[in-house]
2 protein chains.
Amino acid sequence: MSGIQGTPPRSTGEVGGRARGSGVQSIDRAVTILRCFGPRSPELGISEIARTTGLSTSTTHRLLASMQHNGLVRQVAERRYALGPLLVQLAGSGAFPASLRDAALQAMRELRDRSDETVGLHELLASNKRAVVDQAESHHALRRTYTELGEPIPLPHGAPGKAILAFVPWEVSAEVLGEPIEAVTPATITDPDELRAELERARADGFAMSFSERTPGIHTVAAPIFDNRARVVGCLSISGPEVRMPRARVETLSIDVKRAAWQVSEVLGATGEAVRRCREHAAPSSADR
Amino acid sequence: MSGIQGTPPRSTGEVGGRARGSGVQSIDRAVTILRCFGPRSPELGISEIARTTGLSTSTTHRLLASMQHNGLVRQVAERRYALGPLLVQLAGSGAFPASLRDAALQAMRELRDRSDETVGLHELLASNKRAVVDQAESHHALRRTYTELGEPIPLPHGAPGKAILAFVPWEVSAEVLGEPIEAVTPATITDPDELRAELERARADGFAMSFSERTPGIHTVAAPIFDNRARVVGCLSISGPEVRMPRARVETLSIDVKRAAWQVSEVLGATGEAVRRCREHAAPSSADR
DNA sequence: AGATGCTATCCCATATTACGGGAAAAACGA
DNA sequence: TCGTTTTTCCCGTAATATGGGATAGCATCT
């Protein structure tokens, strides 16, 4: 700890505790610094940053100066730094997938190829319904095909709707659950309490299932997609005929859908923590109910 | 050009042509790479990046690997890179000024202190009107004071409205200009053609003036504020009594308002190029009119 | 007011880190 | 199939970034 020599050997790296070997130290460190900023601490001083990152103040100062020069951070006041305009610039530059469709395209293909069942992309509409916005069709002769692209569908019908409904803010789900549910197949869940329990389960598992609830003979798994503001924006689903989709397979596939949906969420800038917040806001804990 | 020696001295720096001395080379270079991505080229290969930045492919490869590791870029396909999720994450993390007010606060104070006249912050509403959302008052005994905070005001009335109207998409301004304009003072511009000419001028100059057009005895300069999607979101204004605000001073102050408004725009992530696009979209060139 | 931390900034000798060339490997196009 | 372009890997080199220390500016406590 004590500086005996003029210049002791530098620490071998390791700033934030992440694994070694990413290549360029300065970039790691710069990102570590950027990560210090958050909703809880939108502004930071140099030594504050130095302490949380474990860097020396000299280094922190130099990095910050360079980052400021490049617009990664800005000096919001004397001895006060905040995230810089470059980030918002790039985020809004149009270089990002403008639509959910673009963001999901690749993941959908992969998911379809892995399962060889039809993959659906569903989007939450402002009207608190959902619409199928894209599909990647299975190659089987007998397969699910979405003919109703863009058509608004009530959230309580089918796995995709349930996957979305489970993560929507509770004010919204309360509103949706307040209205009577039309039975479109014999298996449709019409009892609000039963649906509530189903949603609770979906929230815990991170996916929802449907066995002929909306279309007779079709079984579906769906997992939600989040954006960078921690809101559900839609979901991915795998659908197929009941002959190929017994409960066991549906449950197996749930792992793949979840992974794929999460992959899309990441592209949209979602973070684990953000989703946690979302989950909490969707289910007012038993405390305040 | 020919590699005579084993390792010739490295170029003295200078990647993108920007001035020297920012401090940390790797950060400069990383940002230069990030800047390569844009609406025109959302995906790039390594050698493509190396060519546009002037870096060697080795260096580019190493930097990219590190940036990918940190989420600054992502590999969208084999040999295809795009901007990474970290950017959207940080941009949406809530560490940014949530409101126009927050973003403008500092600039407003500075502008007020420099001019010692009342500075107003105006926001474009969805209803195609504007509202005063904040003010920094002059210290003079005789000064402009906004009493109507939050009140919707038609865009054709006064300098702030004109500054906004001049940069709004032309569909919108066409709609606003289609309706009759109520005269609220003798100086109000009610002739659509006259207003159109005025807007054209404001678009060219980057600011708008008003001499008792909305409130008798008050002269105002205003300059627009843009966001990271290149949309006008509002404007800053300086207002004062006519005795202190002859045309000459108004014109002088226009420089300060413009600078301050631009400063706010930058905080919101606006870029020069984005604003150029905005300007073009606001004024369909004589070609297509 | 004076004293005492704390923070930001600057400078410098040092060697660690990142550099670019070159070559192999892999993908692409013909 | 072969030639070309692009990506990846390795390595010796020195340029680059590093951390310590010193200075000066603030804020808080006594």
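- Whole-Å rounding puts the L64(B) CG to dT7(D) P distance at 10 Å.
- Remark: side-chain polar atoms of S26(A) are not paired, donor with acceptor, to backbone N or O of S26(B) under 3.5 angstrom.
- Distance E48(B) CD to dT5(D) C1': 12 Å, rounded to the nearest Å.
- Nearest heavy-atom pair, R244(A) versus L142(A), reported as atom, atom and distance to 0.1 Å: NH2-O, 2.8 Å.
- Atom CG of D28(B) is separated from atom P of dA18(C) by 14 Å (rounded to the nearest Å).
- When the P atom of dC12(C) is taken as reference, atom CZ of R62(A) falls 14 Å away, rounded to whole Å.
- Going from atom CD1 of I46(A) over to atom C1' of dG25(D) covers 14 Å, rounded to whole Å.
- One interatomic measurement links the two molecules: CD1 of I49(B) to P of dT6(D), which rounds to 13 Å at whole-angstrom precision.
- The side chain of S58(A) approaches dG21(D) more closely than any other nucleotide in the set dT7(D), dG21(D), dA18(C).
- Ring-centre distance between Y81(A) and H61(A): not below the 6.0 Å cut-off.
- R80(B) comes within contact range of no nucleotide atom at all, as no heavy-atom separation falls under 4.0 Å.
- Comparing atom distances between the S47(A) side chain and each of dT18(D), dA8(C), dT7(D) picks out dA8(C) as nearest.
- Of the residues near DNA chain C, Y81(A) and S26(A), the one whose nearest nucleotide (by heavy atom distance) lies more toward the 5' end is Y81(A).
- Applying the salt bridge (charged side-chain N to carboxylate O under 4.0 Å, His left out) test to E137(A) and every residue at least two apart in sequence or in another chain returns R143(A).
- Among the nucleotides dT8(D), dT7(C), dT9(C), the one closest to any side-chain atom of H61(B) is dT8(D).
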